[in-house]
Amino acid sequence: DKEMQEADVVEKNAQSDYEKLMSDAQLKRTEDSKLLTEKNTNKANTEEALEEEKGTKRDTTKSLMEAVEYLNSVHGECDWLMQNFDARKDARAGESEALANAKAVLSGADYSFVQLGASSARVGNLRAMRR
């Protein structure tokens, strides 16, 4: 009889421990499920932010490449202007002188006594213009 009582007490304690274990396991599963959902939400948000940042980076890189391309084209134009500055300066001076001479010819100036020298080609051009 005493053994039966002892067995009942041990069984009741074991049943109580089992129920407590199952209750604790259920709470743990619920907490883990909530934690997993929260982590998945955070992961999805982070991946979305990553994709947005990749798009921003792509746009910024494209803009940078366009700026570099523009800078290179401006640099090339500047180099060309610097290399050809003297030639263009001389050409403009020649054009200005030719216009002044043409204006003088049209005003009645006589260039028949112009001294020939370094600018003999220009004088020949002026004489051709008078004809």
Side-chain angles (χ1 to χ4, degrees):
D1 192 37
K2 191 170 185 181
E3 288 178 13
M4 285 294 270
Q5 277 183 336
E6 222 176 275
D8 283 342
V9 170
V10 169
E11 187 178 336
K12 285 181 183 178
N13 285 341
Q15 182 67 31
S16 173
D17 289 344
Y18 175 76
E19 287 174 3
K20 182 168 178 11
L21 178 69
M22 288 296 121
S23 173
D24 289 347
Q26 178 63 35
L27 286 174
K28 176 94 168 96
R29 279 193 304 271
T30 302
E31 289 174 6
D32 288 348
S33 177
K34 287 179 184 177
L35 186 62
L36 182 62
T37 302
E38 184 178 311
K39 286 184 177 185
N40 284 336
T41 302
N42 287 341
K43 180 183 175 189
N45 291 340
T46 302
E47 287 174 349
E48 183 179 333
L50 175 65
E51 290 303 316
E52 288 177 14
E53 291 300 323
K54 283 181 180 179
T56 302
K57 180 186 176 217
R58 187 174 31 254
D59 293 343
T60 303
T61 301
K62 181 180 177 186
S63 178
L64 175 64
M65 292 307 229
E66 289 171 354
V68 167
E69 184 178 319
Y70 174 73
L71 179 63
N72 286 337
S73 71
V74 169
H75 192 287
E77 290 175 18
C78 185
D79 286 346
W80 184 86
L81 288 173
M82 293 297 288
Q83 289 171 353
N84 296 306
F85 176 77
D86 290 332
R88 295 174 73 224
K89 179 179 157 187
D90 292 341
R92 285 207 183 27
E95 289 172 2
S96 178
E97 183 181 334
L99 287 173
N101 290 340
K103 184 177 177 183
V105 167
L106 291 174
S107 298
D110 185 13
Y111 277 91
S112 60
F113 298 110
V114 173
Q115 180 179 4
L116 295 177
S119 63
S120 63
R122 288 191 194 136
V123 172
N125 287 339
L126 288 174
R127 287 184 182 156
M129 287 175 47
R130 283 185 19 196
R131 292 181 197 159

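Index from 1, following the sequence.
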- Interatomic distance, K20 atom NZ to N13 atom CG [nearest 0.5 angstrom]: 13.5 Å
- Pairing of K28 and D24 as salt bridge, 4.0 angstrom limit: no
- Donor-acceptor pair, S63 side chain versus D59 backbone, under 3.5 Å? no
- Query: Salt bridge check: are E51 and K54 linked by an N-O gap of less than 4.0 Å?
  - Reply: yes
- Start with the C-alpha distance between T60 and L64, add both sets of side-chain angles, then the distance that settles side chain to side chain contact (heavy atoms under 4.5 Å, CB included), and finish with yes or no. CA-CA 6 Å; T60 303; L64 175 64; 5.5 Å; no
- Query: Between OG1 of T30 and CG of L35, what distance do you get to the nearest 0.5 Å?
  - Reply: 12.5 Å
- Message: Keeping S16 on the side-chain end and K12 on the backbone end, is there a donor-acceptor pair under 3.5 Å?
- Response: no
- Item | Side-chain donor-acceptor contact under 3.5 Å, E19 with Q15 | yes
- Donor-acceptor contact below 3.5 Å, side chain T61 vs main chain K57: yes
- Around M22, counting heavy atoms of other residues, nucleotides and ligands shown, do more than 12 lie under 6.0 Å from its CE? yes
- Query: How many angstroms lie between atom CG of L50 and atom CD of E47, to the nearest 0.5 angstrom?
  - Reply: 7.5 Å
- Calculate, to the nearest 0.5 Å, the distance between atoms CE and NE2 belonging to M82 and H75 respectively. 10.5 Å
- Any sub-3.5 Å donor-acceptor pair from S33's side-chain atoms to R29's backbone N or O? no
- Item | E66 atom CD, over 12 foreign heavy atoms within 6.0 Å | yes
- Candidate pair L36 and D32, rule side chain to side chain contact (heavy atoms under 4.5 Å, CB included), full reasoning: CA-CA 6 Å; L36 182 62; D32 288 348; over 6 Å; no
